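For the single chain, residues carry numbers from 1 onward in sequence order. In what follows, every heavy atom counts, from backbone to side chain, and hydrogens, waters and symmetry copies are set aside. Quick caveat, the model's predicted, so the values are computed rather than measured.
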Amino acid sequence: MALALDPALAAWLEAAAPGLDDGSGDPRQVLRRLAGAGLFALGVPSAQGGAGGTVTDAIEAIAAVSSYSMAAGFLFWSQRTFIEYLLQSPNAALRETLLPELLAGRLAGATGLSNAMKFLSGLEELQVVARPEGEGWRVDGRLPWVTNLVPGGFHVAVAIALPGGAPFVAALPHDLPGLTRSPDLALMGMRATATAAITLREAPIGPAQVLHADALRWLPQVRPAFLGLQCGMAIGLARRALAEAAAEAGPAREVLRAAREALAARLAAQEQALREGLAQGRFHAEAAALFRIRIALAAIVAEATGLELQATGGRAYLRPHGDGFARRWREAAFVPVITPSLTQLQAALAAAHRREHAA
């Protein structure tokens, strides 16, 4: 069932959406607003300061926020995914230190594991490398695209290769010596998402910053939440585009009704498959099933925004009437390239298919 946001938050998101898209908005305001509404606490155990529930509650909240602004949903995804890393980490001290600040929106959590998820599927090597030094390490490397790097107040999760040892995952603070944040990337839209590159040069880290000592064992454990929460953005955008198309319905648009209803049914089926797979824990062993849901949702988003365009007609191309549609069109173009991109997911599925037939 779709989550109804607090009316005041919904109104704020609707008004803030243009600025979050063109870069004039403030991502810190998004974090504070979402935290104030208790959304980061959804799916977090009450013993950890959360509201209880499951990760599907968080996915539904991301969908609700993304229906107003996918830029806000993108920030929400990063924050809540970083929170999930802490919940699934054996490092209780780090969790107890960071979690209250993240839930309150005073600290930004950047996932930083896009490279790691591609590494897990055999698509690229880890881009950050450590060398031992005393009880810790010095790390070097670069992450070219990370979201929610709110200046002066973020932690970023990074998967780190260790020559001669198992790769591990650490949470690095914004003020770590040797860590440099680039200026915000010049995105086509969704610019107020504090999206930038991270460079690490001889950055010193220790065991206290380690989220998990064995990335190869831990990443498959957190991947269902990483991708599942990400799916919330596509779900929310598709719902909004379909709602806008329905609102334009009239005698001249009746021809679109069947296509709209069929697409809504496909969206509902994918949402159900996502909920059931997460609840059953199926995606830990069957990542391909989750990949296919993510691919299907991207196709649904593209069709939904196309239907919105057809239903709105030429007015969609006129300002200011078409401004909201133009933003959703840009947001829809982002869905296929969010890491792991559709191309990367399809490559992973193809590789798995080849392995199955070679066995």
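Atom CZ of Arg28 sits in a sparse spot, with 12 or fewer heavy atoms from other residues, nucleotides or ligands closer than 6.0 Å. For Glu135, the CD atom sits in a loose shell: 12 or fewer heavy atoms of surrounding residues, nucleotides or ligands are nearer than 6.0 Å. In this structure, Arg106 places its CZ atom where more than 12 heavy-atom neighbours from other residues, nucleotides or ligands lie under 6.0 Å away.
Under a hydrophobic-cluster definition in which Ile, Leu, Val, Met, Phe, Trp and Tyr are linked whenever side-chain heavy atoms come within less than 4.5 Å, directly or via other members, Leu3 and Leu237 are assigned to the same cluster. Grouping the Ile, Leu, Val, Met, Phe, Trp and Tyr side chains by contacts below 4.5 angstrom, directly or via other members, places Leu309 apart from Phe334. A chain of hydrophobic side-chain contacts below 4.5 Å, direct or via other Ile, Leu, Val, Met, Phe, Trp or Tyr residues, connects Val169 to Leu229. Clustering ILVMFWY residues whenever any of their side-chain heavy atoms sit less than 4.5 angstrom apart, transitively, puts Ile160 in the very cluster that holds Leu149. Cluster annotation: Leu143 is not connected to Trp145 through the hydrophobic network of ILVMFWY side chains, with a link wherever side-chain heavy atoms come within less than 4.5 Å.
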Requested in this report: Could you please spell out the steps behind the salt bridge (charged side-chain N to carboxylate O under 4.0 Å, His left out) verdict for Arg131 and Glu202?
Outcome: CA-CA 9 Å; Arg131 62 175 175 81; Glu202 291 287 302; 2.5 Å; yes

Query - Val139 and Val158: CA distance, side-chain angles, deciding distance, side-chain contact (heavy atoms from CB on, under 4.5 Å) verdict - result: CA-CA 10 Å; Val139 297; Val158 181; over 6 Å; no

Requested in this report: Kindly indicate, with the supporting measurements, whether the criterion side-chain contact (heavy atoms from CB on, under 4.5 Å) is fulfilled by Gln79 and Leu102.
Outcome: CA-CA 7 Å; Gln79 186 83 355; Leu102 290 158; 3.6 Å; yes

Requested in this report: May I have the step-by-step check of side-chain contact (heavy atoms from CB on, under 4.5 Å) for Arg223 and Leu227, ending in yes or no?
Outcome: CA-CA 6 Å; Arg223 180 168 52 189; Leu227 281 173; 4.0 Å; yes

Requested in this report: Could you walk me through whether Arg240 and Glu308 pass the side-chain contact (heavy atoms from CB on, under 4.5 Å) test, one step at a time?
Outcome: CA-CA 9 Å; Arg240 179 62 180 267; Glu308 181 184 352; over 6 Å; no

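What you find for Leu242 and Ala264 is that their closest heavy atoms are CD1-CA, 4.0 Å. Arg239 and Glu60 make their closest contact through NH1-OE2, 2.7 Å (heavy atoms, listed as atom of the first residue, atom of the second, distance). Residues Pro27 and Ala192 approach most closely at CB-O, 3.6 Å, considering heavy atoms. Residues Phe82 and Ala110 come closest through the heavy atom pair CD1-O, 3.4 Å. Considering all non-hydrogen atoms of both residues, Leu162 and Ala130 come closest at CD1-O, 3.8 Å. Taking all atoms of both residues into account, the shortest heavy-atom contact from Gly136 to Pro207 is CA-CD, 4.4 Å.
A centroid separation of 6.0 Å or more is found between the aromatic rings of Tyr317 and Phe325.
When atom types are taken as modelled, the side chain of Arg257 and the backbone of Ala246 share no donor-acceptor pair closer than 3.5 angstrom. No side-chain donor-acceptor contact under 3.5 Å links Ser69 to the backbone of Ala17. Side-chain atoms of Asn115 come within 3.5 Å of backbone atoms of Gln127 as a donor-acceptor pair (strictly under, hydrogens ignored). Remark: the backbone N or O of Val55 is not paired with any side-chain donor or acceptor of Arg80 at under 3.5 angstrom. A side-chain donor-acceptor contact under 3.5 Å links Ser67 to the backbone of Ala64. In this structure a side-chain-to-backbone donor-acceptor pair under 3.5 Å is present from His284 to Gln221. At distances below 3.5 Å, at least one donor-acceptor pair connects side-chain atoms of Arg95 with backbone N or O atoms of Ser89. Looking at Ser66, its side chain does come within 3.5 Å of a backbone N or O of Ile62 through a donor-acceptor pair. Panel note: side chain Thr305, backbone Ala302; a donor-acceptor pair is recorded below 3.5 Å. In this structure, Arg201 contributes its side chain and Asp140 its backbone to no donor-acceptor pair below 3.5 Å.
Put simply, CZ on Phe40 and CG on Leu103 are 9.0 Å apart, with the number rounded to the nearest 0.5 Å. Once rounded to the nearest 0.5 Å, the distance linking CD of Gln230 with OG1 of Thr81 reads 8.0 Å. Atom CH2 of residue Trp77 and atom CD1 of residue Ile338 lie 7.5 Å apart, to the nearest 0.5 angstrom. From Leu172, atom CG reaches atom NE2 of His155 across 8.0 Å, with rounding to the nearest 0.5 Å. In this structure, Leu42 CG and Thr54 OG1 are separated by 9.5 Å, a value rounded to the nearest 0.5 Å. Atom CE of Met70 is separated from atom CE of Met233 by 6.0 Å, given to the nearest 0.5 angstrom.
Between Val210 and Trp137, some side-chain heavy-atom pair lies under the 4.5 Å cut-off. Looking only at side-chain heavy atoms (C-beta outward), Leu20 and Asp26 stay at 4.5 Å or farther from each other. Leu176 places a side-chain heavy atom less than 4.5 Å from the side chain of Gln209. The closest side-chain heavy-atom distance from Met117 to Thr339 is not below 4.5 Å. The shortest distance between side-chain heavy atoms of Ile300 and Leu263 falls below 4.5 Å. For the pair Phe226/Val222, no side-chain contact is recorded, criterion being any heavy-atom separation below 4.5 Å from C-beta on. For the pair Leu211/Trp218, a side-chain contact is recorded, criterion being any heavy-atom separation below 4.5 Å from C-beta on. Between Arg328 and Glu244, some side-chain heavy-atom pair lies under the 4.5 Å cut-off.
Salt-bridge formation is not detected for the pair Arg282/Glu276: no Lys NZ or Arg NE/NH1/NH2 atom is positioned less than 4.0 Å from an Asp or Glu carboxylate oxygen. At a threshold of 4.0 Å, the pair Arg315-Glu248 counts as salt-bridged, since one of the basic side-chain nitrogens sits closer than that to a carboxylate oxygen. Between Glu331 and Arg191 there is no salt bridge, since no side-chain nitrogen of the basic residue lies less than 4.0 Å from a carboxylate oxygen of the acidic one.
Applying the ring pair (Phe, Tyr, Trp, His ring centres under 6.0 Å) rule to Phe119 yields no partners; only residues at least two apart in sequence or on another chain are considered.
Looking at Gln88 and Glu84, their side chains do bring a donor and an acceptor atom within 3.5 Å of each other. Side-chain contact annotation: Thr147 with Ser78, donor-acceptor N/O pair under 3.5 Å absent. A side-chain N or O of Asp22 and one of Ser24 form a donor-acceptor pair less than 3.5 Å apart.
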